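Data block below; observations after.
Index from 1, following the sequence. Heavy atoms only: backbone and side chains are in, while hydrogens, waters and symmetry mates are out. These numbers were taken from a predicted model, which means no experiment stands behind them.
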Amino acid sequence: QVQLVESGGGLVQAGGSLRLSCAASGPTFSSSALGWFRQAPGNEREFVAAISGNSGSTYYANSVKGRFTISRDNAKNTVYLQMNSLQPEDTAVYYCAARFARSSGTYYYEDYQYSYWGQGTQVTVSS
């Protein structure tokens with residue numbers, strides 16, 4: 001069983017930055033693919049970013065490419081989402097997700113592909 005706990009959300013002005021963290025428990029973190037998703041009120045959950053187990057591969061939604069960076073520290077069992085140049089449309093609850101990866105270089109970008117989810121952290125960007 002894997003447990004995920006997000007932190008780092010908050011209120012920020014447009015153009016500002018936040019770094020989200022997601023701490024994971026469980027012995028299989030280094031072999032897990034990880035992802036970040038978000039859900040705004042009234043919207044479906046959407047993909048934000050994904051990273052492979054060996055950090056060799058990353059993938060981003062077009063809406064955040066060039067502004068957000070996903071990274072992981074396998075020694076700390078933690079995945080990060082650095083968010084720069086935040087805009088009001090980035091306002092949402094952000095969730096991290098994990099699953100066992102078939103290979104260390106694989107990432108996933110569909111929510112149904114993930115087995116474990118955190119409780120979410122609120123990010124609010126004011127204009």
Side-chain angles (χ1 to χ4, degrees):
Q1 187 74 8
V2 175
Q3 291 187 328
L4 304 170
V5 179
E6 302 98 335
S7 61
L11 174 64
V12 64
Q13 289 188 333
S17 298
L18 283 174
R19 188 176 81 155
L20 305 183
S21 300
C22 176
S25 64
T28 61
F29 182 83
S30 62
S31 59
S32 297
L34 304 166
W36 286 96
F37 291 76
R38 66 187 183 186
Q39 187 168 20
N43 291 355
E44 294 188 351
R45 186 165 55 191
E46 65 174 358
F47 168 76
V48 175
I51 189 167
S52 62
N54 62 6
S55 301
S57 299
T58 57
Y59 184 66
Y60 297 91
N62 287 334
S63 59
V64 307
K65 197 173 298 182
R67 300 188 298 124
F68 291 10
T69 302
I70 188 171
S71 62
R72 64 190 294 165
D73 185 338
N74 286 345
K76 296 182 178 180
N77 278 17
T78 301
V79 59
Y80 305 97
L81 185 68
Q82 178 67 44
M83 306 186 294
N84 298 329
S85 302
L86 284 161
Q87 299 301 316
E89 52 266 34
D90 295 316
T91 295
V93 177
Y94 284 70
Y95 300 90
C96 68
R99 64 156 288 161
F100 177 75
R102 294 190 180 92
S103 71
S104 59
T106 302
Y107 57 79
Y108 303 86
Y109 53 86
E110 300 282 2
D111 57 0
Y112 69 83
Q113 295 175 305
Y114 286 89
S115 305
Y116 304 101
W117 293 84
Q119 83 290 347
T121 186
Q122 176 70 46
V123 172
T124 303
V125 184
S126 63
S127 57

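Put simply, the side chain of Arg72 reaches to within 4.5 Å of the side chain of Leu34, judged on heavy atoms. Residues Arg38 and Asn43 have side chains not in contact (no heavy-atom distance under 4.5 Å, counting atoms from C-beta outward). At least one side-chain heavy atom of Tyr94 sits less than 4.5 Å from a side-chain heavy atom of Thr121. Asp111 is not listed as a side-chain neighbour of Tyr95, based on a closest heavy-atom distance of 4.5 Å or more. No side-chain heavy atom of Val2 sits under 4.5 Å from any side-chain heavy atom of Phe29. Contact annotation: the side chain of Met83 approaches that of Leu20 to within less than 4.5 Å [non-hydrogen atoms, C-beta and beyond]. Looking only at side-chain heavy atoms (C-beta outward), Tyr107 and Gln113 stay at 4.5 Å or farther from each other. You'll find the side chain of Trp36 reaches within 4.5 Å of the side chain of Val79, heavy atoms only.
Looking at Thr91, its side chain does come within 3.5 Å of a backbone N or O of Val125 through a donor-acceptor pair. Without hydrogens or angle criteria, Tyr109 side chain to Ala61 main chain gives no donor-acceptor distance under 3.5 Å.
Minimum heavy-atom separation, Ser85 to Ser17: N-OG, 4.3 Å. In this structure, Pro88 and Ser127 approach most closely via the heavy-atom pair CG-CB, 3.8 Å. For the residue pair Gln122 and Val93, the shortest heavy atom distance occurs at OE1-CG2, 3.2 Å. Of all the heavy atoms in Leu18 and Gly8, the pair that sits closest is CD2-O, 3.9 Å. Looking at every heavy atom in both residues, Ser57 comes nearest to Gly105 through OG-O, 3.3 Å.
Partner of Phe37 under the ring-ring contact (aromatic ring centres under 6.0 Å, His included) criterion, chosen from Phe47, Tyr112, Tyr108: Phe47.
By the rule that hydrophobic residues join a cluster once side-chain heavy atoms approach within less than 4.5 Å of another member, Val64 and Val12 end up as members of one cluster. No continuous path of hydrophobic side-chain contacts links Tyr114 to Tyr60 [ILVMFWY only; heavy atoms under 4.5 Å].
For the atom pair CG of Asn74 and CG of Asn54, the computed distance is 9.0 Å after rounding to the nearest 0.5 Å. In this structure, CG on Leu81 lies 9.5 Å from OG on Ser21, to the nearest 0.5 angstrom. Note that the OG atom of Ser52 and the CD1 atom of Ile70 stand 9.5 Å from one another [nearest 0.5 Å]. The line from CD of Gln87 to OG of Ser63 is 11.5 Å long, rounded to the nearest 0.5 Å. In this structure, CZ on Arg19 lies 9.0 Å from OG on Ser7, to the nearest 0.5 angstrom. Separation of atoms SG (Cys96) and CD (Glu6) is listed at 4.0 Å; rounding is to 0.5 Å.
For Gln3, the CD atom is loosely surrounded, since the number of other residues' heavy atoms within 6.0 Å does not exceed 12. Within 6.0 Å of atom CD in Gln13, 12 or fewer heavy atoms from other residues, nucleotides or ligands are found, so the atom counts as exposed in its surroundings.
For the 3.5 Å distance criterion, the side chains of Thr106 and Ser103 qualify, holding a donor opposite an acceptor.
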